[in-house]
Each structure stands twice: as C-alpha cells, then as structure tokens.
Amino acid sequence: MFKTVPFSTYVEFPLDEMHRRAHEYLVHMRRRRTIREFSDRPVSREIIESCILAAGTAPSGANLQPWQFVAVADAAVKHRIREEAEVEEAEFYTSKAPAEWLAALEPLGTDPNKPFLEIAPWLIVIFAKSYDLLPDGRKVKNYYAAESVGIATGMLITALHTSGLATLTHTPSPMGFLNKILGRPDNERPFLVLVTGYPAPGVEIPERALHKKSLTEIATFV
Ligand code: IYR
C-alpha cells in the first residue's frame, strides 16, 4: 500500500544563508583526516549510538536498510579482532599484495601492525546484508546493498567527524573472521571496520593525504 505524509522536516534557507552553509560545510569537511594512531581515552556509548542512528538515516534500496553496525568497546573482543586482522595483513603485505598496490600505499606508510584495533575506544564493524531473514525463516532480498551501505558508512564517518571524533576506515582482507568473532549470521558480509576515538596526542598524518583533487578534476558540468 502506498501512503504518504507531508515532508514537514524540510527547511528552506534564504539564498545568502544557503551559500554560507554550503561553504561552511566544505570547510568543516576539509578538516577531516584519516588517522592511524588513536588515544585510548574513552568515548561515551551515547555518542556512538547517535552517530549510528545518523548513519541509519541513509537512503537505501527500497528503504530496506541492509546494514548492521556492531560497535565494539570490549577489550577482549578488540584483542581478538586485532590478532586475526594482523594475520590477514601480514599475508597481504608479504605475499598477496601486488607490487603496484604496495607502491600505491607507500606514501601512506601503512604496515601489517594494527595496534589501533586495540587502543581506540570503539571499533564499529559494518556489515552489509544481501538479504534479510524473516522470523519464519523466509528470505527477503535487499537491493543495492553495497551502494546503500557505502552511503551509510560515509554518513557515519561524517557524523563522527562532526561530533569531534577521528576515524580510520580499515579493510582487512578477507574479513570473514569478523562474522566468527562477532557471532554474525551468514547473510551479513563485513563491509569495513571503522576505528574511532580521539587522535593520539601529537599524531601526524601522511603529507600525501592533504592532496585532494580539484573541482575540475572531479566534476564536469554539462
Ligand atoms: N588493508 C591493508 C592495506 C590497505 C589498503 C588500502 I587500498 C589502504 O588505503 C590502506 C591500507 C591495511 O589496512 O594496511
């Protein structure tokens, strides 16, 4: 059944304010950086909950919301995730990654050691669901799950940044061990691990990360 309600949350701004808001948002987003060293300072669960709820407002195929966020603060679980991720990463850096890929990563200074997986107060493991299971066991297919979860993840990163936290998008590969450690069912595929918390004091970022493509490089107006 197709029922509608008024779009009562829409706010129109005067033109000058619209320009100001667009510019201020750009300045705000340009301050975001991926970091790889986190402080162990705790971050309250309420903040993480609000950010996950913000991510959950993302558009999704047929509004089926094909995501599951597992927020991990438990030290023992983070330890297991670190151990298993480092096994995968060691293989990636020593044998699996082609030379071209390693060359692309060189300016970022990444390596197989992932202490941040234990030090950061929160790991948010994001799963994509290609289908949902109804209580009676029937399968409901989700549409555009990867696109939908990608959008939600971007909104989660933005919410965390806006709250004053830093993030790292981490993708150990393969990530199947996350289902096992976190007890997630087969219809959930790990999408990425979002590490979040305060930056470690004095943290530095790769100079390469400062380069963002210009508008003419990333956009075409027709
Ligand atoms: N998953 C590895 C390798 C890695 C890959 C890309 I693409 C990056 O932008 C960064 C790292 C790691 O986490 O080290």
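Both backbone and side-chain heavy atoms feed into the values below; hydrogens, waters and symmetry mates do not. All of these numbers come straight from a predicted model, not from anything done at the bench. We count ligands from 1, going down the list as the structure has it; atoms in each ligand are counted the same way.
For CD of Glu100, the number of neighbouring non-hydrogen atoms (other residues, nucleotides, ligands) closer than 6.0 Å is 12 at most.
Look at Arg184 and Glu188 and you find a salt bridge, because one of the NZ, NE, NH1 or NH2 atoms lies within 4.0 Å of a carboxylate O, short of that distance.
The structure places SG of Cys51 at 11.5 Å from CE of Met155, a figure rounded to the nearest 0.5 Å.
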Contacts table for ligand 1: protein N or O within a distance under 3.5 Å of ligand N or O, distances only.
unit_1, atom_1, unit_2, atom_2, d
ligand 1, 1 (N), Glu89, OE1, 3.4
ligand 1, 1 (N), Glu89, OE2, 3.2
ligand 1, 1 (N), Thr171, O, 3.2
ligand 1, 13 (O), Lys114, NZ, 3.2
ligand 1, 13 (O), His170, ND1, 3.2
ligand 1, 14 (O), Glu89, OE1, 3.4
ligand 1, 14 (O), Tyr93, OH, 2.4
ligand 1, 14 (O), Lys114, NZ, 2.6

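Among pairs with a residue in residues 137-174, those fulfilling ring-ring contact (aromatic ring centres under 6.0 Å, His included) read His28-His161, Phe116-His170, at least two apart in sequence or across chains. Here salt bridge (charged side-chain N to carboxylate O under 4.0 Å, His left out) pairs that include residues 137-159, with residues two or more places apart or in two chains, are Asp136-Arg138.
In the hydrophobic clustering, where aliphatic and aromatic side chains (Ile, Leu, Val, Met, Phe, Trp, Tyr) are joined below 4.5 Å either directly or transitively, Leu156 groups with Val43, Ile47, Ile48, Ile52, Trp67, Phe69, Trp122, Ile124, Ile126, Val149, Ile157, Leu160, Leu165, Phe191, Leu192, Leu194, Tyr198.
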